[in-house]
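All values below were derived from every heavy atom in this structure, side-chain atoms included, with hydrogens, water molecules and symmetry-related copies excluded. Both counts, for ligands and for their atoms, begin at 1 and track the order of listing. Quick caveat, the model's predicted, so the values are computed rather than measured.
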Amino acid sequence: FSSTHTSPSGQAYIYKLNRCYRMEETADLLPESLQPANEPFDVASKKLSCGQITNEEDESLNKKNKCCSDIVSDSNYKTGLSCHQDDQRRTRLVASIVETSLSHDAPTRRTIDLGHGSDLIYIQRFLPFQKSWTFFDYLDKHIPWTRPTIRVFGRSCLQPRDTCYVASSGLTPLVYSGYRPDAYSWDDFPPLKEILDAICEALPGSRFNSLLLNRYKGANDYVGWHADDEKLYGPTPEIASLSLGCERDFVLKKKKLQDSSREKRGDGGPAKKRLKRSSGEEDQHSFALKHGSLLVMRGYTQRDWNHSVPKRAKAEGTRINLTFRLVL
Ligand SMILES: O=C(O)CCC(=O)C(=O)O
Ligand SMILES: [Fe+2]
């Protein structure tokens, strides 16, 4: 069996290390059996029909992938590749995804203790693969994305990514980098409520009433070092961040003593004591945020750490990120 990963809008996707390509330009080159299906792609049933593959097959798939420029994917969605020769005109390489899921599609949850009351939860496959593409397509198309002018170090510049803000009514407005986005209503985008419900179910006791959406349209879009430590979120905000589409690195770096706002706030004992490190603790962490994954920042993460999504030359595809927050 073989199939492409097809989004509801009929576009196929291939993965290449950090990149995610749409296959719309080449879809017409695919043999009929590999043309994107009109029906939504049913990951579960395809998986049942393909079964496990052996290590040798896995290795041979990887070799084939290399011959056609290193196509790889999430470890849970092994890709295969077929090369077709168009002898009438010229040789063209056509990549097609063969879903040979090696393992279950169940989410995996990992907690990362950053020390001093800061921690992260990372849930891979929080949303099923195909469902995540359905949301991606909806958001890409229906969100009124804007690229505002912001102020950084006293200078005006275009924010290096698209954005949109959704919030419950009556909340303190969000202002960052001199920009105050208008808040859309949750009712304007029903799928966002569906995602919010799934997040609340995974995080019992957590509450969110606002959402900042980001769209990175390619390798040059990024978010610079910052912490979401605005007063309206309180001293220990919980931020749940859903990633869709192209995989990007998310880097956390511990704030330096003078960067840290902990002295300003004075909300947890003498700074010196709190800064003392225990052995084995690291100052930087990097996560490749997968399509459909959820990263939750908790405790004093915003007070003590900065984070960024740096430019990545190889991340050519679009990524959509949703950060759910609670305005107090
Ligand atoms: O895109 C991401 O993963 C992070 C976005 C972010 O840090 C923010 O919106 O504050
Ligand atoms: Fe952030």
Problem - Contacting atoms of ligand 1, where contact means under 4.0 angstrom from a heavy atom of Thr323 - result: 9 (O)
Handout entry: Salt-bridge contact Asp249-Arg312 (side-chain N to carboxylate O under 4.0 Å)
Key = yes
Fill in the blank from the handout: heavy-atom search around atom 9 (O) of ligand 1 in the protein gives Asn214 ND2, 2.8 Å
Practice task
Kindly give the atom name of the N, O or S atom of Asp228 closest to the Fe ion (ligand 2).
Solution key: OD2
Exercise for the section: Return yes when Arg319 approaches ligand 1 closer than 4.0 angstrom through a heavy atom, no otherwise. Expected result: yes
Practice task
May I ask you to check if Lys255 and Trp305 form a cation-pi contact, with NZ or CZ under 6.0 angstrom from the six-membered ring centre and within 45° of the axis?
Solution key: no
Fill in the blank from the handout: ligand 1 to His307, heavy atom cutoff 4.0 Å, flagged ligand atoms 7 (O)
Practice task
Give a rough value, rounded to 10 degrees, for the angle at the Fe ion (ligand 2) between atoms NE2 of His226 and NE2 of His307.
Solution key: 90°
Exercise for the section: Tell me whether Leu294 is reachable from Phe135 by hopping between hydrophobic residues (I, L, V, M, F, W, Y) whose side-chain heavy atoms are closer than 4.5 Å. Expected result: yes
Practice task
Give the residue, atom name and distance (to 0.1 Å) of the protein heavy atom nearest atom 1 (O) of ligand 1.
Solution key: Tyr216 OH, 2.5 Å
Problem - Between Arg161 and Thr163: side-chain donor-acceptor atoms closer than 3.5 Å - result: no
Exercise for the section: Name the closest protein heavy atom to atom 8 (C) of ligand 1, giving the residue it belongs to and the distance to 0.1 Å. Expected result: Arg325 NH2, 3.5 Å
Exercise for the section: Would you please classify the geometry between the Phe136 ring and the Trp133 ring as parallel, tilted or perpendicular, with 30° and 60° separating the classes? Expected result: perpendicular
Problem - Distance filter under 4.0 Å to His226 heavy atoms, resulting ligand 1 atoms - result: 6 (C), 7 (O), 8 (C), 10 (O)
Exercise for the section: Find all atoms of ligand 1 within a distance of less than 4.0 Å from any non-hydrogen atom belonging to Val309, and give their numbers and elements. Expected result: 1 (O), 2 (C), 3 (O), 4 (C)
Practice task
Ignoring hydrogens and angles, tell me if any N or O in the side chain of Thr301 forms a donor-acceptor pair with the backbone of Met297 under 3.5 Å.
Solution key: no
Practice task
Check each heavy atom of Asp228 against ligand 1 and say whether those closer than 4.0 Å belong to the side chain, the backbone, both or neither.
Solution key: side chain
Handout entry: Tyr300-His116 aromatic ring centre distance below 6.0 Å
Key = no
Practice task
Check Arg248 against ligand 1 and report side chain, backbone, both or neither, counting heavy atoms closer than 4.0 Å.
Solution key: neither
Practice task
Kindly assign one of parallel, tilted or perpendicular to the pair Tyr138 and Phe189, based on the angle between their ring planes and the thresholds 30° and 60°.
Solution key: perpendicular
